[in-house]
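Notes follow the structure.
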Amino acid sequence: MPGAPPDPSTHPLLRNLNAPQREAVCHAHGPLLILAGAGSGKTTVITRRIAWLIEEEGVHPGSILAMTFTNKAAEEMRERVQRLVSVPAAQMWVSTFHSFCTRILRREGERTPVGRDFVIFDPADQKSLMKQVLAELKLPEKQFHPKKALEVISDFKNRCLLPEEAREEALDPWTRKVLDAYDLYQKGLKNHRACDFDDLLLYTERLFRDPVVQAQYGERFKFILVDEYQDTNRAQYLLVQHLARRHHNLCVVGDEDQSIYGWRGADIRNILDFQQDFPEAVRIELLQNYRSTKKILDAASEVIANNSQRVEGKGALKTDLGDGETITFKLADEGRLEAEWVVQRIQELRYREPEAKVAVLYRANWQSRQMEEALRAQNLPYRLVGGVKFYERQEVKDLISYLRLISNPFDLVSFRRCVNAPTRGVGPTTLGKIEGAIPEGGTPLEGLAILLRAGELKGRAQREMGKFLELFHRAAAEREGQGLSGLVKWVLQESGYLQSLEDEATLEAEGRIRNLEEFLSAAAESESLGLRLSEFLDRITLAADADQVEESAHLSLMTIHCAKGLEFPFVFVIGMEEDVFPNRNARETPEGLEEERRLFYVAITRAQRRLTLSAARRRRIMGTEMLSMPSRFLRELPAEALTAPIRWGTELYQSGEGVRPGSSFTRGAGGGSVATELQRIRSFFDRVKEVPAPSGEPDGGRFSEPAEAKDPAAFEAGTRVKSARFGAGTVLASSGRGEGLTYTIRFDQGGDRRIMARFGGLERF
DNA sequence: AAAAAGTGGCTTTTT
DNA sequence: GCCACTTTTT
């Protein structure tokens, strides 16, 4: 209570906290910005602050709202708060933005276009609907990729713009066409009574524009907390503004250096401008790091110092954990060898510390494959996070489509899926008839019933469709009668889906049955939590990769995005190569590059004791052998980070201070433009063939082997060539042979092209 | 209509 | 290299 500050040595909620942490915990009223550096005990501070509000300020748990980005983070937060307080914390609203919005829309949903019994479309459903839309608009998929269109639409939605509003912006003709698709896509969603992920935020934000609704929820949530504030997009930002307008008790926690979701519409300015939004805001910096040793932290600081988009006047992270080990870097000749080397290091580590927790981190999911192969070869168990998700497997999606159609009969996408799974003799023709028979504002099942009554279906289709329709009639009763898992079991039996898999009697079908059994136990678990069908469906489509991280796993493989918020004593970051990390698509713009750098910062700061980086000179990407160049981020590491200078190509390469005199590498990515930076790297690459590779170099020395060395006339990767049409360039890779021999060439004037040897008129240059 | 065989296209990152 | 999509065969 107000008055003399509690004695930190006696109050349990302040025990073992440093000064700024204590300040943050005790701050109750008014806007608060907590800049929480990596490993600064953020979660402890957040949970204790909530506990403080409840215990010391007498705040009712039901008037506290906390937003996170993953379900796992939400659950952890709730549990930890519960352990600190004496009253039940169940009434606290702790959830992801998306779950929060779902909850609101299910209460207030009669005011949105989709009502309250909507389904949530996952990306696959979205794509399926978008394809229909594009076909209807006669937009060729060649120019209008469904995925691309959806991305553009998602950008608009994240900025809270509906089609009509988006149209007011100055747009190129292509985007205008996409807006037509947006319009029709929204209508399609409405017909399906469906929301996509972005709609959840968009509709809720619209709802809160209504002063009455805003007052209602604004009054209710007296204390609002947003975690990972740097990752909020415009819609989330506005949502929070609406809710906080009444009480101004808004606490946001974040770290602009860990903003890595710009591609999903996150706007780093939200956190950079918080103090402008709330001039009375108190700002607290948590800079004491309790996770990593000094060398790791120094490396992180040096790397991130190259970014310009940062909070002004923020201090640097400190640690008391000692200098620790030097960061090491391994350059392997080839991707497979890189993976094998990492596995070997892990085995050595295991020998000394059998219980050591290790993570292998990478930029993109495809990089896990070689690691997995190498791990399997050594029989090392590992846990893979992300990749092909459980709920995206074919058989699981099939089963879900039944459940969704039971839950929401307007869902045509699900209808299309389950109507012929297992095969019931319904092809495109029959499906077209059914869809044509759907009455205005009716459901696909009604359409089917009409068709059957009219005797339009013959033979197998007629028999099977009769049974199919009956299934859904009986489902209503089943849904009441038995629990969730009972319903799932019933659907598996009655639909004949399980039977058809059993009949297949293949190894693959067996695996699918096992997956369905796993799904069944997921349903049973949700049932025991008292979830209803629609809530269960929400839960599984809003489940994130990061939710399945098992902290108990001894060896985890995951993307850096998935690793955010986690820590491991031993961390490997693989694939430290240009075009892999930083990713090829991100390096073109300064913002993209800065985000990649933040991603690297996140990767580094996951490590507690030892950080190991690795790269490969050569690797197969998309089936073709590619040469790689060192990631520019390697150069941004402190000079001593690389234990010894290494050779990459013909250059002597060392981090921190550029390379030996005369090299094309110089320091300072922060300064030069992207173009000059690229030019530098390109010229480095071009020099490769000019100098003969030194021999006796333990790391191999040679820049590369020819990708496919069989044709005597073939150009090796790295060869300078001239094309009549495109001028001079450097061979990056070759594929195919004989007539089909094709080179990938990076031309000096810009752009990579694939050119067939027999047409290209290529000559050595 | 369903299964098998062939072709092209392309991969960040995810709630 | 893999997967989604298309064409061919049954």
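In what follows, chains carry the letters A, B, and so on, assigned in the order in which the sequence lines appear, proteins first and then strands, with residues in each chain numbered from 1.
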Which comes earlier along DNA chain B counting from the 5' end, the contact point of A:Asn583 or that of A:Thr423, where each point is its nearest nucleotide?
A:Thr423
More 5' along DNA chain B: A:Met622 or A:Pro428, using each one's nearest nucleotide?
A:Pro428
Under 4.0 angstrom, heavy atoms only, what part of the nucleic acid is A:Asn420 near: base, sugar-phosphate, or nothing?
sugar-phosphate
Of all the choices, [options], which nucleotide is nearest to the side chain of [X] once you look at every atom?
X: A:Lys142; options: C:dG1, B:dG9, B:dT14; result: B:dG9
X: A:Ala364; options: B:dC10, B:dT15, B:dT12; result: B:dT12
X: A:Lys127; options: B:dT11, C:dA4, B:dT15; result: C:dA4
X: A:His98; options: B:dT11, C:dC2, B:dT15; result: B:dT15
X: A:Arg264; options: B:dT13, B:dT15, B:dA2; result: B:dT15

Check whether any side-chain heavy atom of A:Val253 sits under 4.5 Å from a side-chain heavy atom of A:Lys42, and report yes or no.
yes
Quick one: is [X] getting a side-chain N or O under 4.0 Å of the [N] phosphate, OP1 or OP2?
X: A:Thr559; N: B:dT14; value: yes
X: A:Lys131; N: C:dC5; value: yes
X: A:Thr429; N: B:dA1; value: yes

Scan side-chain atoms only and decide if A:Glu372 and A:Tyr382 contain a donor-acceptor pair under the 3.5 Å cut-off.
yes
